Amino acid sequence: MDHGSPDPRLILIFSGKRKSGKDYVTDLMQRRLGPAQCCVLRLSGPLKQQYAQEHGLDLNELLSPGPYKEQYRASMINWGEIRRRSDPGFFCRLATREAWQPVWMVSDARRLSDLQWFWSKFPQQTQSVRVQCSDRTRQQRGWSFTAGVDDSESECGLDRGVEFDWIINNDTDGASLEEQLQPLLKLAVEAADSH
């Protein structure tokens, strides 16, 4: 089936700390835009799939937010870093290989190399979005500091040195979040309509 142009019209690359609400925001936007116009790509999906395959683990459990994933998180981060050092675009290529919609939202960029890959492949279409909230809000969502995870590049790699195109503050009530998302949704609708 021909879905149209293989190149997207807009790529929104989301980053933020654990429990900042990146998935919540991207899922909310996709529901508004519809799956024919917009896909959510997760760089961690191919990473977890490959890690599970190579280590004989349960992929569904690794993809869930539960304790199973947390048990393997530090080891998975280490393994992913080794893969990225040898091929910085490895997980980006895997995540995008079946995307065909005009708007792509990457829900979990964690390193400068993730952004650089999209900027180099799709310089006109790529915009960066930082989702942030207070540590208190993150704790209310189940976060607690874990050494070797929260102080690693996978959590801190985009804390400095990036000038984000958009910043979403996700501490607030739903109405304020909706208001912040309106310009992004408008941009995405315009991109999808121009496809």
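Here the structure is a predicted model, which means the values were calculated and not measured.
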**Prompt:** Who passes salt bridge (charged side-chain N to carboxylate O under 4.0 Å, His left out) against E98, sequence neighbours left out?
**Reply:** none
**Request:** Would you check, one step at a time, whether the test side-chain contact (heavy atoms from CB on, under 4.5 Å) holds for H55 with W79?
**Result:** CA-CA 11 Å; H55 293 85; W79 175 87; 3.7 Å; yes
**Asked** After noting the C-alpha distance and the side-chain angles of R111 and E81, does the key distance pass the side-chain contact (heavy atoms from CB on, under 4.5 Å) rule?
**Response** CA-CA 10 Å; R111 292 159 189 80; E81 294 304 328; 2.4 Å; yes
**Asked** Between CG of D135 and NZ of K19, what distance do you get to the nearest 0.5 Å?
**Response** 14.0 Å
**Message:** Going by side chain to side chain donor-acceptor pair (under 3.5 Å), name the residues that satisfy it together with R130, two or more places apart in sequence or in a different chain.
**Reply:** S15, D159
**Prompt:** Do any N or O atoms from the side chain of S128 and from the backbone of D165 form a donor-acceptor pair under 3.5 angstrom?
**Reply:** yes
**Prompt:** What are the two closest non-hydrogen atoms of C38 and M105, and how far apart are they?
**Reply:** SG-CE, 3.3 Å
**Item:** Non-hydrogen side-chain atoms of Y24 and V131 separated by less than 4.5 Å
**Value:** no
**Message:** With side-chain contact (heavy atoms from CB on, under 4.5 Å) as the criterion, how do L43 and W117 come out once you've worked through the C-alpha distance, each side chain's angles and the decisive distance to 0.1 Å?
**Reply:** CA-CA 12 Å; L43 300 179; W117 187 84; over 6 Å; no
**Request:** Take atom NZ of K121 as the centre, draw a 6.0 Å sphere, and report whether it contains more than 12 heavy atoms from other residues, nucleotides or ligands.
**Result:** no
**Item:** Non-neighbouring partners of W119 that pass side chain to side chain donor-acceptor pair (under 3.5 Å), sequence neighbours left out
**Value:** none
**Asked** Hey, do the aromatic rings of W104 and F122 have their centres closer than 6.0 Å?
**Response** yes
**Prompt:** Can N170 and Q132 be counted as having a side-chain donor-acceptor contact under 3.5 angstrom?
**Reply:** no
**Asked** Okay, side chain of Q125, backbone of I11: is any donor-acceptor separation there less than 3.5 Å?
**Response** no
**Request:** Would you give the length of the straight line joining atom CD of Q30 to atom SG of C39, rounded to the nearest 0.5 angstrom?
**Result:** 7.5 Å
**Item:** Main-chain N/O of L59 paired with Q49 side-chain donor or acceptor, under 3.5 Å
**Value:** no
**Request:** Evaluate the side-chain proximity of P102 to L10: yes if any heavy-atom separation is below 4.5 Å, no if none is.
**Result:** no
**Request:** Could you tell me whether a side-chain N or O of K22 sits under 3.5 Å from a main-chain N or O of G16, the two making a donor and an acceptor?
**Result:** yes
**Fill in**
Residues at least two apart in sequence or cross-chain that pass side chain to side chain donor-acceptor pair (under 3.5 Å) with Y51, listed by chain then number, are S75
**Residue pairs passing the salt bridge (Lys or Arg N to Asp or Glu O under 4.0 Å) test where at least one lies in residues 40-64, sequence neighbours excluded** = D23-R42, D27-R42, E54-R83
**Message:** What I'd like to find out is whether the side chain of L47 reaches to under 4.5 Å of the side chain of R84, using heavy atoms alone.
**Reply:** yes
**Asked** How close do L63 and G45 get, heavy atom to heavy atom, and via which atoms?
**Response** CD2-CA, 4.2 Å
**Message:** Nearest 0.5 angstrom please: L41 CG to L94 CG, how far?
**Reply:** 11.5 Å
**Message:** Closer than 3.5 angstrom, by distance alone: can the side chain of R9 be matched with the main-chain N or O of S194 as a donor-acceptor pair?
**Reply:** yes
**Message:** Which residues pass the ring-ring contact (aromatic ring centres under 6.0 Å, His included) test with F145, not counting sequence neighbours?
**Reply:** none
**Fill in**
On a heavy-atom basis, the closest approach of A188 and L33 is CB-CD1, 3.6 Å
**Asked** Side chains of C92 and F118: does their closest heavy-atom pair fall under 4.5 Å?
**Response** yes
**Asked** Is W143 reachable from Y72 through a run of I, L, V, M, F, W or Y residues, each pair having side-chain heavy atoms under 4.5 Å apart?
**Response** no
**Item:** Check: C133 and R141 side chains under 4.5 Å, non-hydrogen atoms
**Value:** yes
**Prompt:** Taking C-beta and beyond as the side chain, do T146 and R18 meet within less than 4.5 Å on heavy atoms?
**Reply:** yes
**Prompt:** Is there a side-chain contact between F164 and V129 (heavy atoms, below 4.5 Å)?
**Reply:** no
**Asked** Which heavy-atom pair separates S120 from P123 by the least distance, and what is that distance?
**Response** O-CD, 3.9 Å
**Fill in**
The reported gap from CG in L181 to OG1 in T26 (rounded to nearest 0.5 angstrom) is 10.5 Å
**Student check: side-chain heavy atoms of D114 and V106 closer than 4.5 Å** = no
**Message:** As an exercise, state the distance from OG1 of T126 to CD of Q116, rounded to the nearest 0.5 Å.
**Reply:** 12.0 Å
**Complete:** To the nearest 0.5 Å, atom CZ of R110 lies from atom SG of C156 at 10.5 Å
**Prompt:** Should L28 and R31 be marked as a side-chain contact (heavy atoms from CB on, under 4.5 Å) after you check the CA-CA gap, both sets of side-chain angles, and the distance that decides it?
**Reply:** CA-CA 5 Å; L28 178 67; R31 282 195 304 276; 3.5 Å; yes
**Asked** For Q182, does the CD atom sit with more than 12 other heavy atoms under 6.0 Å from it, leaving out its own atoms?
**Response** yes
**Message:** How close do Q37 and A192 get, counting heavy atoms only, and between which atoms?
**Reply:** OE1-CB, 2.9 Å
**Request:** Considering non-hydrogen atoms only, spot the tightest contact between A109 and I13 and give its length.
**Result:** CB-CG2, 3.3 Å
**Asked** Would you say S134's side chain and T137's backbone share a donor-acceptor pair under 3.5 angstrom?
**Response** yes
